[in-house]
Amino acid sequence: MKAPAAQVVPQAIGQYDRGCVAGAGNLAINGPGWQVMRLSRNRFWGHPVLLAYIRKLASDAQRLDGSPGILVGDMAQPIGGPLLGGHASHQTGLDADLWYTPMPDHVLSGAEREHTAAVNMVDPATLTAAQAAWTEVQIKLLRRAASYPEVARIFVHPAVKKALCEAAGADRAWLQKIRPWYRHDDHFHIRLNCPPGSPACVAQAPLPAGDGCGKELDDWFKRLRAVPEKPVKPPAPAKPMLVSDLPQECQSLLIATEQAGKAAGGNSSRQAPFER
Ligand SMILES: [Zn+2]
């Protein structure tokens, strides 16, 4: 198992899409109310605040909302940094993808975790939440997920945001953190605020006021109807991010981690903590 540098004070460093995390921990692959998917990717690492958040969400969702449990997708690599394919962010140990698909009632095998497909919640023809898949389970989970102060934003597909706007009723404050974005039709993306003790962590701009159910959402649908999303994930950017593009603290962390790996007799190329 790849491991981050030991004895490090946890710190999220840099921007969500240009940074790293020191002192990350790994989420247990099974816990009360969650299971981790795609173990071969080794992306179940995060700042301790992210691990605590997922544990708390899974437990509260089961206890308070009758949740069947949560399937956890990509978090971060052992020291964060850029991921190959699919994501620009997930670099500082504060981002996690959770599936809309409810957790099955058995412990998943390694093969199931690799190959089970996440259920798409959006009907691409109508750009509405899909009839069969979209239920109270997802609505309650998203409301619960947005309810904690450490959450900065939750990214969902615009059709999911619209379904939440329609389901919310009078209690709408939580909708402010639910942000429409491309491609979040089979998972939603939790982003936590910079935690205390991370002076080099760069926060995003504050959220716009309001529940985001009006003009902003209408504009998303106009955009999606004008240029429909392709069903496949876009390729990785032509110019991959280099280690030298990252904050200095991350470059130092990378060197220290590689040296620790070599001192422990590891093969440094096999143990490279960044995909690059
Ligand atoms: Zn994500």
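Atoms within a ligand are numbered from 1 in the order they appear, just like the ligands themselves.
The nearest N, O or S atom of Asp74 is not closer to the Zn ion (ligand 1) than 2.8 Å. Not one N/O/S atom of His187, from backbone or side chain, sits under 2.8 Å from the Zn ion (ligand 1). None of the N, O or S atoms belonging to His184 lies under 2.8 Å away from the Zn ion (ligand 1).
When distances from the Zn ion (ligand 1) to the N, O or S atoms of His189 are compared, ND1 comes out shortest. Looking at Asp97, its N, O or S atom nearest to the Zn ion (ligand 1) turns out to be OD1.
Interatomic distance, CH2 of Trp99 versus CZ of Phe188, reported as 12.5 Å (0.5 Å rounding).
Asp60 has no carboxylate O lying under 4.0 Å from a charged side-chain N of Arg144, or vice versa, which leaves the two without a salt bridge.
Donor-acceptor pairing under 3.5 Å is lacking for the side chains of Gln251 and Ser244.
A donor-acceptor distance shorter than 3.5 angstrom exists from the side chain of Arg113 to the backbone of Ile29, with no hydrogens or angles considered. Looking only at distances, no side-chain donor or acceptor of Gln204 sits under 3.5 Å from a matching main-chain atom of Tyr16.
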